[in-house]
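Each ligand, and each atom within it, is numbered from 1 in the order the structure gives. Computed from a prediction, not measured in an experiment: that's the story for all the values here.
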Amino acid sequence: MGLMDQYQCPRGRQGRSVAKRMNREHEALTIWGLTHVKIMSDDVILDVGCGGGKTINTLAKLAPAGKVFGIDHSVDMVDYSNKMNKKLIEKNRVQIIEGTVEKMSFPNDYFNLVTACETYYFWSSFSDALKEIKRVLKPCGRLLLVNEMVQDTVYEVENAKLIEETHVCLIPLKEIQNVMQSVGFVGVKIFTKDQSPWNAIIAQKPS
Ligand SMILES: C[S@@+](CC[C@H](N)C(=O)[O-])C[C@H]1O[C@@H](n2cnc3c(N)ncnc32)[C@H](O)[C@@H]1O
């Protein structure tokens with residue numbers, strides 16, 4: 001497996017070094033994305049495709065009386081995230097499990113917020129994943145997607161090599177909004193950062 005394949009399902013020693021790098025390189029993007037949602041101190045939050053676990057750590061600080069769960073289909077990322085969040089796990093403030101976003105073991109109506117940073121590109125079915133996220137969200141619960149890649153005519157051309165090498169499947173922002181609405185999310189809002197491909201999309205499960 002080449003280095004660029006590692007973003008889809010980081011594994012082994014190379015996967016761990018990718019996790020370390022993602023924790024560092026995605027932090028500013030994630031913090032920018034999180035400015036678009038209000039987080040209550042007792043929120044129950046799920047981070048899907050949690051990778052190296054840095055976002056879980058950030059979320060646990062933003063919801064000090066709540067609980068943060070993580071899920072990733074790479075067992076090596078679950079191990080890495082568990083080590084990164086060891087103290088919070090000991091305090092029962094964080095729990096990380098192996099699994100796929102398309103079929104999760106969490107109960108219905110469980111989370112106030114689901115976050116997904118730099119991961120939708122790899123989901124086997126975007127609409128199935130969204131349906132599953134909607135199932136585990138409480139009524140009025142919110143989904144936040146945060147991405148540093150975008151499908152538009154400029155980014156797609158300038159970054160064609162990176163897109164090919166990382167096997168990302170980019171979906172235009174308008175289509176992301178349409179699919180979210182078609183599976184029953186409401187209040188979909190798209191935020192973009194000036195002079196950058198960064199984007200954040202928020203959607204809400206109806207009451
Ligand atoms: C590019 S990494 C991003 C990791 C982290 N969210 C971040 O921002 O640093 C993508 C992560 O999503 C996970 N992933 C991809 N597809 C998944 C799926 N269908 N279900 C669960 N995890 C998935 C990968 O294993 C990987 O850890």
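- Heavy-atom separations between Ala129 and ligand 1 are all 4.0 Å or longer.
- Distances from atom 26 (C) of ligand 1 to the heavy atoms of Ile56, Asp72, Ile71 show the closest one on Asp72.
- Checked against the 6.0 Å centroid threshold, Tyr7 and Tyr121 do not count as a close aromatic pair.
- The two residues Leu130 and Phe185 have their closest heavy-atom pair at O-CE1, 3.6 Å.
- Taking every heavy atom of Met77 and a limit of under 4.0 angstrom, the matching atoms of ligand 1 come to 27 (O).
- Shown here for Asn23 and Gly52, the closest heavy-atom pair between the two residues is ND2-O, 3.1 Å.
- Here the heavy atom of the protein found nearest to atom 1 (C) of ligand 1 is Glu118 O, 3.2 Å.
- Atoms of ligand 1 lying under 4.0 Å from at least one heavy atom of Cys9, given by number and element, are 25 (O).
- A salt bridge does not link Arg16 to Asp79: none of the charged side-chain nitrogens sits closer than 4.0 Å to a carboxylate oxygen.
- Here's the thing with Gly52: none of its N/O atoms is less than 3.5 angstrom from an N/O atom of ligand 1.
- Ligand 1 has no N or O atom lying under 3.5 Å from any N or O atom of Trp123, backbone or side chain.
- Atom 24 (C) of ligand 1 has as its closest protein heavy atom Gln8 O, 3.2 Å.
- In terms of protein heavy atoms, atom 2 (S) of ligand 1 is closest to Met22 SD, 3.3 Å.
- Considering backbone and side-chain atoms alike, Ser74 places every N or O at 3.5 Å or more from each N or O of ligand 1.
- Protein heavy atom nearest atom 18 (C) of ligand 1, with residue, atom name and distance: His73 ND1, 3.6 Å.
- At the top of the distance list for atom 12 (O) of ligand 1, counting protein heavy atoms only, stands Thr119 OG1, 2.9 Å.
- Asp47 and Thr115 share a donor-acceptor pair across their side chains, judged by distance under 3.5 Å alone.
- Looking at Val136, Ile133, Leu143 one by one, the single match for side chain to side chain contact (heavy atoms under 4.5 Å, CB included) with Phe111 turns out to be Val136.
- Here is the list of ligand 1 atoms found below 4.0 Å of a heavy atom in Gly51: 4 (C), 27 (O).
- Regarding atom 20 (N) of ligand 1, its nearest protein heavy-atom neighbour is Val101 N, 3.1 Å.
- Residues Asn82 and Lys86 bring no donor and acceptor atom of their side chains to less than 3.5 Å of each other.
- The atoms of ligand 1 that sit less than 4.0 Å from any heavy atom of Cys50 are 5 (C).
- Counting only heavy atoms of the protein, atom 8 (O) of ligand 1 lies nearest to His26 ND1, 3.0 Å.
- The distance from ligand 1 to the heavy atoms of Thr100 drops below 4.0 Å at these ligand atoms: 20 (N), 21 (C).
- Atom numbering of ligand 1 starts at 1 in the shown order; those under 4.0 Å from a heavy atom of Glu102 are 19 (N).
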Could you please spell out the steps behind the salt bridge (charged side-chain N to carboxylate O under 4.0 Å, His left out) verdict for Lys161 and Glu164?
CA-CA 5 Å; Lys161 191 162 177 278; Glu164 193 193 333; over 6 Å; no
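- The Pro10 neighbourhood of ligand 1 comprises atoms 24 (C), 25 (O), 26 (C), 27 (O), with distances under 4.0 Å to a heavy atom of that residue.
- At a 4.0 Å heavy-atom cut-off, ligand 1 does not touch Ala116 at all.
- Electrostatic pairing of Glu132 and Lys103 does not count as a salt bridge here, judged by no charged N lying under 4.0 Å from a carboxylate O.
- Of all atoms in ligand 1, numbered sequentially from 1 with element shown, those under 4.0 Å from a heavy atom of Gly49 are 4 (C), 5 (C), 6 (N), 11 (C), 12 (O), 13 (C), 22 (N).
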